[in-house]
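Heads up, the thing below is written out as structure tokens.
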Number of protein chains: 4
Amino acid sequence: MTAPRRNERSRRAILTAALELLTETGYPDLTVEAIAARAGVGKQTIYRWWRGKGAVILEAMVDSVPPNAVLPDTGDLRADLRTVIRATVAEFADPRLSATTRAITIETLSDEALAEQVRDQLLRPQLAAVKDRLRAGQATGQARDGIDLDLTVELLFGPIYHRWLLRNGPLTEGYADELVDLAMTAITP
Amino acid sequence: MTAPRRNERSRRAILTAALELLTETGYPDLTVEAIAARAGVGKQTIYRWWRGKGAVILEAMVDSVPPNAVLPDTGDLRADLRTVIRATVAEFADPRLSATTRAITIETLSDEALAEQVRDQLLRPQLAAVKDRLRAGQATGQARDGIDLDLTVELLFGPIYHRWLLRNGPLTEGYADELVDLAMTAITP
Amino acid sequence: MTAPRRNERSRRAILTAALELLTETGYPDLTVEAIAARAGVGKQTIYRWWRGKGAVILEAMVDSVPPNAVLPDTGDLRADLRTVIRATVAEFADPRLSATTRAITIETLSDEALAEQVRDQLLRPQLAAVKDRLRAGQATGQARDGIDLDLTVELLFGPIYHRWLLRNGPLTEGYADELVDLAMTAITP
Amino acid sequence: MTAPRRNERSRRAILTAALELLTETGYPDLTVEAIAARAGVGKQTIYRWWRGKGAVILEAMVDSVPPNAVLPDTGDLRADLRTVIRATVAEFADPRLSATTRAITIETLSDEALAEQVRDQLLRPQLAAVKDRLRAGQATGQARDGIDLDLTVELLFGPIYHRWLLRNGPLTEGYADELVDLAMTAITP
DNA sequence: GCCTAACCGAGACGGTACGTCGTGTCTTAAT
DNA sequence: ATTAAGACACGACGTACCGTCTCGGTTAGGC
């Protein structure tokens with residue numbers, strides 16, 4: 001019963017190489033072979049620990065993301081939502097981060113298992129944090145009691161995804177603020 | 001300047017075969033070779049008229065969709081939005097249609113040109129119709145004057161995309177209605 | 001019912017490359033991949049027409065051998081046998097030819113089907129020719145009537161194979177002559 | 001200078017596993033990995049003591065063969081040769097023994113060093129014994145004085161190798177006797 | 001009877017080649 | 001000129017073994 005004696009050096013080299021190649025060539029042209037070559041690693045080593053390039057990119061993302069950005073609670077719901085929505089918009093606007101998000105999105109669209117993993121490990125926590133902040137807002141009377149919090153969260157993030165996915169307009173800070181304001185209108189008592 | 005002597009029988013066979021295989025195997029495992037074989041057609045015939053499997057699926061979608069669903073205007077903005085949002089939710093909930101949407105989405109995430117085509121030819125018209133209906137709502141005082149119509153459209157469709165993409169909850173008629181109600185709250189004067 | 005439209009240029013390039021690489025690297029280090037690369041050909045093209053490197057080498061051999069060396073019949077059995085045995089010994093002594101023979105031998109030792117092909121298409125005809133000459137020798141009284149011709153043929157060729165296989169001595173013209181003389185002693189009336 | 005503390009249990013397990021796998025899968029599909037797994041042994045242990053699968057099979061053969069069957073000398077040369085040639089034919093006809101012989105032959109065809117080892121340690125002694133018996137036969141007048149003993153040995157064994165290698169006929173006791181008779185004709189004074 | 005080296009099993013590692021699949025281009029023969 | 005058919009060069013797939021390299025865990029001498 002020995003722990004799987006995994007080579008950490010190889011693991012890091014693989015994740016780094018994967019992200020580099022992703023920005024260089026785009027996800028569809030990213031190959032396991034190229035990752036292995038760039039990382040100075042045998043293909044088998046990749047297949048031993050990951051199910052494919054999608055899983056590698058996912059782990060690279062998880063690895064490069066701060067553990068869990070907690071949402072601020074300054075007492076001002078609108079201001080706090082602005083902070084998080086601005087950050088999200090900025091993330092989607094950044095070509096580097098957007099590339100990995102695009103990659104993961106492609107993969108989740110065809111890999112059910114990976115989709116669940118991404119949803120549960122990456123996205124749900126973030127959305128749950130916003131939900132918590134909204135609930136706190138209800139307690140302080142800054143948000144209506146009757147609203148469906150899940151739906152409200154979608155009202156905040158959905159438009160960003162929509163615009164990003166359809167390349168249907170600029171993703172700027174002003175856009176973030178406008179979005180928050182409109183959503184606040186919907187949920188303010 | 002002769003018109004391209006294109007074989008309509010082959011074209012139909014290709015589009016049909018493509019949609020069949022898409023639902024059978026999923027987009028990533030869909031191959032031009034298989035489409036050609038199923039359609040009883042040479043590969044060259046596909047490559048002569050389309051840029052790849054993405055373009056084939058796109059044409060199949062366009063072909064199978066009613067030319068341009070015009071939005072109803074019953075005078076009741078909320079009711080009209082319910083109609084269109086319910087329809088959209090139903091479309092995303094339907095496995096058959098969802099499969100082609102998923103395929104196109106994958107392809108647009110990596111093919112900029114195709115993305116524009118999809119956006120301008122398929123989606124913009126539909127969104128523009130909703131925008132028009134909202135403008136008409138402003139005229140009748142059912143929607144505030146100050147709102148950004150583009151953003152409002154995103155507020156309506158964004159959450160659906162978000163939920164669909166992240167498989168983050170059920171896509172039901174009740175969901176559609178709730179969504180419309182929340183959005184209406186944001187834009188009612 | 002079209003003939004298999006096979007590219008003769010590719011075929012020649014493959015056979016040539018295979019023989020070159022065989023002498024350069026030896027049979028065990030010969031790879032289909034290397035043959036394809038040297039020939040400027042896709043691996044698939046090799047696998048389409050041959051079962052593996054063994055079959056390629058076999059065809060290369062058959063291709064490079066004169067269709068069917070007929071045995072001379074000068075009336076002098078001993079002299080005629082000398083001619084053919086000297087030629088055989090020379091063939092085994094020649095490094096170039098020996099390399100391909102060695103390759104084929106390796107392959108036939110593990111591939112039953114190939115072994116039959118080699119035996120029936122390459123060796124049997126040659127041995128049959130010698131057998132015929134021996135039969136003619138019987139008619140002219142230069143060989144005993146009672147002898148088993150198959151065995152006699154083996155008596156002539158077996159020692160050469162034995163010496164070659166075991167690297168158990170030099171393969172010279174003198175050896176060939178001595179061998180013929182000893183065999184003649186066994187079969188002369 | 002301590003003796004290498006070699007695990008005899010492992011050694012036996014490896015040789016046994018190698019022979020088993022050899023008959024099960026044939027030499028080309030025999031792998032060091034499989035031998036190690038079957039023997040319950042680390043790969044390293046095999047590579048520590050042998051140069052590769054060829055060397056393992058060779059040692060297995062040497063291990064399973066009686067040290068050195070001396071040739072009988074009953075005074076009757078023909079009878080004694082019959083004994084040894086019959087035994088050799090039987091060995092080549094036996095599928096079990098033939099498999100290991102085939103394996104070793106394949107390996108020697110590409111490994112010069114191994115070839116020498118096999119020739120000098122396994123075959124030469126046997127052939128030398130026959131040569132000695134022939135020399136004794138010369139002394140008793142049962143064989144001519146002028147003959148080349150090396151060649152005569154090849155005359156006896158070569159045909160067997162030839163027939164075995166080319167799968168060119170049955171290897172029976174009758175064949176052995178016929179062969180001895182023909183060879184005796186060549187060397188009897 | 002302990003200590004410490006060598007040896008052991010296990011199996012991860014960087015590689016190389018495998019044989020297959022799909023790509024997009026090409027050639028051929030037949031409408 | 002377009003078509004069905006399919007060969008072609010190419011490149012990646014995911015797998016199998018290669019021979020080397022750690023890892024602990026025995027195990028057998030020499031003290």
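The chains referred to below are lettered A, B, ... by the order of the sequence lines, with proteins before strands, and numbering in each begins at 1.
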Checklist line | Distance test, side-chain N/O of B/Thr45 to OP1/OP2 of F/dT2, below 4.0 Å | finding: no

Notebook entry, point to check: Hey, does B/Gly40 reach any base, or is it just sugar-phosphate, or nothing, if we go heavy atoms under 4.0 Å?
Noted result: sugar-phosphate

Under 3.5 Å, which protein N or O atoms sit close to an N or O of nucleotides 25-28 of chain F? Give each pair with its distance.
none

Checklist line | Whole angstrom value for the distance that separates P of F/dA7 from OH of B/Tyr47 | finding: 17 Å

Margin query: Show the nearest heavy-atom pair for residues D/Ile14 and D/Ile35, with the distance to one decimal.
Written below: O-CG2, 3.8 Å

Checklist line | Below 4.0 Å: OP1/OP2 of E/dC7 and any side-chain N or O of D/Arg48 | finding: no

Item checked: Side chain A/Thr45, main chain A/Val41, donor-acceptor under 3.5 Å -> no

Margin query: For residues 47-58 of chain D, which residue pairs pass the salt bridge (Lys or Arg N to Asp or Glu O under 4.0 Å) check, not counting sequence neighbours?
Written below: D/Arg51-D/Asp111

Item checked: A/Ile46 CD1 to E/dA12 P, straight-line distance once rounded to whole Å -> 16 Å

Next item on the list: Could you pull out the closest heavy-atom pair between B/Trp164 and B/Ser98, with the gap in Å?
Entry: NE1-OG, 2.9 Å

Next item on the list: Just compare E/dT20, F/dT20, E/dC21 and give me whichever is closest to any side-chain atom of C/Lys43.
Entry: E/dT20

Check: Where along residues 26-35 of chain A does a heavy atom fall under 4.0 Å from DNA chain F?
Finding: A/Thr31, A/Val32, A/Glu33

Notebook entry, point to check: Shortest non-hydrogen contact from B/Leu109 to A/Arg102?
Noted result: O-CD, 2.7 Å

Check: Are the side chain of B/Ser64 and the backbone of B/Met61 linked by a donor-acceptor contact shorter than 3.5 Å?
Finding: yes

Check: With respect to the side chain of D/Gln44, which nucleotide from F/dG14, E/dC13, E/dA10 is positioned closest?
Finding: E/dA10

Margin query: Under 4.0 Å from OP1 or OP2 of E/dC8: is there any side-chain N or O of D/Trp49 that close?
Written below: yes

Checklist line | Contacts of type side-chain hydrogen bond (donor to acceptor under 3.5 Å, both in side chains), residue A/Arg167, not counting sequence neighbours | finding: B/Glu112

Item checked: Short N-O contact, D/Glu24 and D/Arg38, less than 4.0 angstrom -> yes

Check: Has C/Arg5 got its NZ or CZ under 6.0 Å from the middle of the six-membered ring of C/Trp49, at an angle within 45 degrees of the ring axis?
Finding: no

Check: What is the minimum heavy-atom distance between C/Leu166 and D/Arg119, and which atoms define it?
Finding: O-NE, 3.0 Å

Check: Toward the 5' end of DNA chain F, which comes first, D/Arg51 or A/Lys53, by nearest nucleotide?
Finding: A/Lys53

Check: Can you list the residues that meet the side-chain hydrogen bond (donor to acceptor under 3.5 Å, both in side chains) rule with C/Arg96, with sequence neighbours excluded?
Finding: none

Check: Which parts of residues 7-24 of chain C get close to DNA chain F, meaning a heavy atom less than 4.0 angstrom away?
Finding: C/Asn7, C/Ser10

